[in-house]
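Just so we're on the same page: letters track the sequence lines, and every chain starts at 1.
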Amino acid sequence: MRRAALIVSLFLTVHGACSRATAAGGLVVRPVSPPRLVGDQVIVGRSACGGATWLLTEQPALVRVSIAARQVTVHPVRGLRSDERPWGLVCLPDGTLWTLTAPGLLARLASDGLLAERIPLPYKSLALFGSADRLLFQPTPYATGRPALRAARIGTFAAAGPWPGPLTQAADTPADQMIANLLNCGIGSGDYLPCWFAAHRRITISDGTLEHVRTLHVRPDRFPAVDAATPVRDVALAGMSRVWILTTGANRAAGRRAGSWLTRSDWRAEEATSIALAPAARLILWATSSECVLLSTRGELLEVAEP
Amino acid sequence: MVPALVVCALMLSAGSARAQTPQAPQVDCMAQLVNCYYWAAGRSTWFGAWVAGIDCELSFVACVRKAIFGY
């Protein structure tokens, strides 16, 4: 297929550095905030924009983590109906915040947590992600081998087009198919967004054009004590040259999966460097080419950078 | 008759999914799915049961998703 011919496969080989926490040209980790800066509530959405990273918790609450000040502001989400369960969070370039409160219902949140607007979708979506000014939806995967995501700008949802990138996976039953197609996306850069299926070791980076789809193969088997069932915990692109990958550890933290290894590489699979994380990390908050800030399982911010 | 067939089909689906999702949180999700399927099968029409079954599967995937992707 032409699409297959257009996909560039890059292979990340991270085993060279994975056995040492700090190496020459390696990484070091240090806390840059007090513990429990962020609460223990399950985080169901994350988006970085405008000098901050926004988190949506199951409570539900909207949490703003300032990059410069490394301060946290928490606002309870108000205006939800009792049957609404928010999932996903996207901050568009205009500063508006969006989430799914139900599979067929998009909602805009004000920065103070007030649910300001509901927009019924013409389809049901399992997830919500963002790339630049586009919202990405994951329709229920009833067909296989098709783009798993569809992209639309605000006001054009009925005309959402396929997003070249991850392709829907086959399974025997509808329930199995939904599980096989559990998809997550990390922090993007420009139009590019990294996405991966829960059970896969493959990360697809796409800007929504057929010409710019890249696939990175991670090698979690090279790390000790990795959750092989869901190896990729989080991914962040840093500019057009670097990618940070948080690998899921085999041990749970308070019953939850957490990232126990962080790897930095370039998109050409060269100069891969990894560091073990203790405490483990819940997710990536933001990243540049030289540093990555994580939220630890203790609720503190961890900075990973070169020595 | 039709709701009974729907129950059988949905239960078979649930059994298959259970075999592939052995972790504890997902077993809880599976139990919710099975209960939901029973509820769906109680709809008065085949179409109603089918639509309710889809909602059950959406709830199931939301449950498993939180266990896997909730940070």
Hey, does the side chain of Arg257(A) reach the backbone of Ala67(B) with a donor-acceptor pair shorter than 3.5 angstrom?
yes
Answer with side chain, backbone, both or neither: which region of Thr297(A) has an atom nearer than 4.5 Å to a non-hydrogen atom of chain B?
neither
Heavy-atom pairs under 4.5 Å with chain B: which of Leu182(A), Val42(A), Leu183(A) has the most?
Leu182(A)
Heavy-atom closest pair (Met178(A) atom, Glu57(B) atom, distance to 0.1 Å) is SD-O, 3.6 Å
Just verifying a value: how many Å separate Ile68(B) CD1 and Asn184(A) CG, rounded to the nearest 0.5 Å?
10.5 Å
Side chain to side chain contact (heavy atoms under 4.5 Å, CB included) assessment of Tyr71(B) paired with Arg46(A)
CA-CA 9 Å; Tyr71(B) 290 110; Arg46(A) 180 269 321 271; 4.2 Å; yes
In Å and rounded to the nearest 0.5 Å, what is the CG to CZ distance from Asp234(A) to Phe69(B)?
10.0 Å
Looking at CZ of Arg85(A) and OG of Ser59(B), how far apart are the two atoms once the value is rounded to the nearest 0.5 Å?
9.5 Å
Pick one of side chain, backbone, both or neither for Glu58(A), based on which atoms fall under 4.5 Å of a heavy atom in chain B.
side chain
